Protein chains: 2
Amino acid sequence: MSAKITELDTEQLIKDTARRIFFGEGRFNATTQEIADAAGVNRTLINYYFRSRDNLFNTVFEDAQKQEHERTESIVFSTKPLKEKIMDYLDLYFEQSKEFPYLEIYMVTQMNQGCAYKDHESMSRLLDKFYLEIAVEMDKGNITKMRPEQFMLNFISLTCFPVSMRPLLQETMGFTPDGFDRLIEERKQIIMDLLFKPE
Amino acid sequence: MSAKITELDTEQLIKDTARRIFFGEGRFNATTQEIADAAGVNRTLINYYFRSRDNLFNTVFEDAQKQEHERTESIVFSTKPLKEKIMDYLDLYFEQSKEFPYLEIYMVTQMNQGCAYKDHESMSRLLDKFYLEIAVEMDKGNITKMRPEQFMLNFISLTCFPVSMRPLLQETMGFTPDGFDRLIEERKQIIMDLLFKPE
DNA sequence: ATTTTGTTTGACATTTTTGTCAAACGCAAA
DNA sequence: TTTGCGTTTGACAAAAATGTCAAACAAAAT
């Protein structure tokens, strides 16, 4: 019944390192050895704390999923008007994408390998709330009328794609890392202008 | 000096199968055994025709890159007006995405693992041409003024993201496969309306 | 000081995946 | 028929990655 005080929990250290390698560096099939090395621990500890490699992967995956969900929830269920919520989300997303640019892509590949989404319940509550607010703004004439799902897709696409596909886009479109950062920063305003009608 | 007439070239069959597994099913770390099985050939043939697994992967990757590039080129360098080019691209993209939804994601992960983009030369010619046409339309007042790169990003994001992230979106947003197909089909018009000002 | 408990380690076993090779095969040319 | 040649195969070797285990260790509890 200890819990080691000397340094940060080894278990957490392994998780953090794995997360960085997966979502930060995009090295989705890093070996347990590589993760252990990066964390500066013995590889066997991965088995000690997480039975198997698969288990570590799932744990890290689910943690990230949960965290992202919570952050989104706290924005969507705040009392601010929709427009501000969307700006908040843009800030949050572009910020976290600096640390973990590959998170969504990883989720897609996982999703595809039979890893189902966990919390349908709360996700659909979140979507319902969001769709409702969108519909209201459409009635007020602040947003072009369309199915709320389409608005949602527009919003997410414009926000996430440049971040998720950054390596590809940066390479093919011929940007320097700095240049691309500036491009992303500029996008906040451009996205808002696309989503909402001018006043 | 034969070239086997009985059935399609084995070499091509392997390539096609690998392509389907990578880009069609998103199983990016399929083993050579799995690919051979899917193609209905002996695994050793992969080594016979493509020396190594890596070599097969690269070949398939470069072929796809080249093919996509050619198709894009033929649209961008056609004589049609910009608006029609963009509609053509939407059609092309949504069509091919039915067969290979994971192509872009695969490229991103590859890109990240040190696989550089090949044909910078012709890509930048293509982009220049495109940017020029966009600028002209902006002057005419048909497109909201912004950096052409941003317009490009908007266009690609709106088009590619829903396709690339389909497994994730479908799952989290609670769509049936058919429902999502309809959503995608509806998007063509929605994207056009977002990109161009109403006449 | 000794025991206990949770952690860490290295050596080893197992499993998975890839690569090699000689022999078999089938077909067309000599 | 036989020879030559590209293709195909299964058995085997090698490599890479994961998982297990007993023993060492270190710190707290007795």
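Fair warning: this is a prediction, and the values are worked out from it, not measured in the lab.
- Residues A:Glu133 and A:Lys129 are paired through a salt bridge, judged by an N-O separation under 4.0 Å between the basic side chain and the carboxylate.
- Rounded to whole Å, the distance from CD on A:Glu11 to P on C:dT8 is 10 Å.
- Figure legend: B:Lys188 and B:Phe94 shown without cation-pi pairing, the cationic atom not lying both under 6.0 angstrom from the six-membered ring centre and within 45 degrees of its axis.
- Proximity of the aromatic rings of A:Tyr131 and A:Phe151 is defined here by a centroid distance below 6.0 angstrom, and this criterion is not met.
- Put simply, CG on B:Leu45 is 15 Å from P on C:dG26, counting in whole angstrom units.
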Q: Encode nucleotides 10-22 of chain C as B, S and - characters from 5' to 3', where the letter depends on protein heavy atoms closer than 4.0 Å: B to the base, S only to sugar-phosphate, - to neither.
A: B------SBBBB-

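- In this structure, CG of A:Leu56 is placed 14 Å from C1' of D:dG19, rounded to the nearest angstrom.
- In this structure, the CG atom of A:Asn55 is 14 Å from the P atom of D:dT18, given to the nearest Å.
- With contacts defined as side-chain heavy-atom distances shorter than 4.5 Å, the pair B:Ile184/B:Pro162 qualifies.
- Salt-bridge formation is not detected for the pair A:Glu137/A:Lys83: no Lys NZ or Arg NE/NH1/NH2 atom is positioned less than 4.0 Å from an Asp or Glu carboxylate oxygen.
- Within the nucleic acid shown, A:Tyr49 comes within 4.0 Å of sugar-phosphate atoms alone, with no base atom in reach, counting heavy atoms only.
- Taking atom CG of A:Asp37 as the reference point, atom P of D:dT18 lies 12 Å away to the nearest angstrom.
- Checking each of A:Phe28, A:Tyr106, A:Phe61, A:Tyr102 against A:Phe22 for a ring pair (Phe, Tyr, Trp, His ring centres under 6.0 Å) leaves exactly one that passes, namely A:Tyr106.
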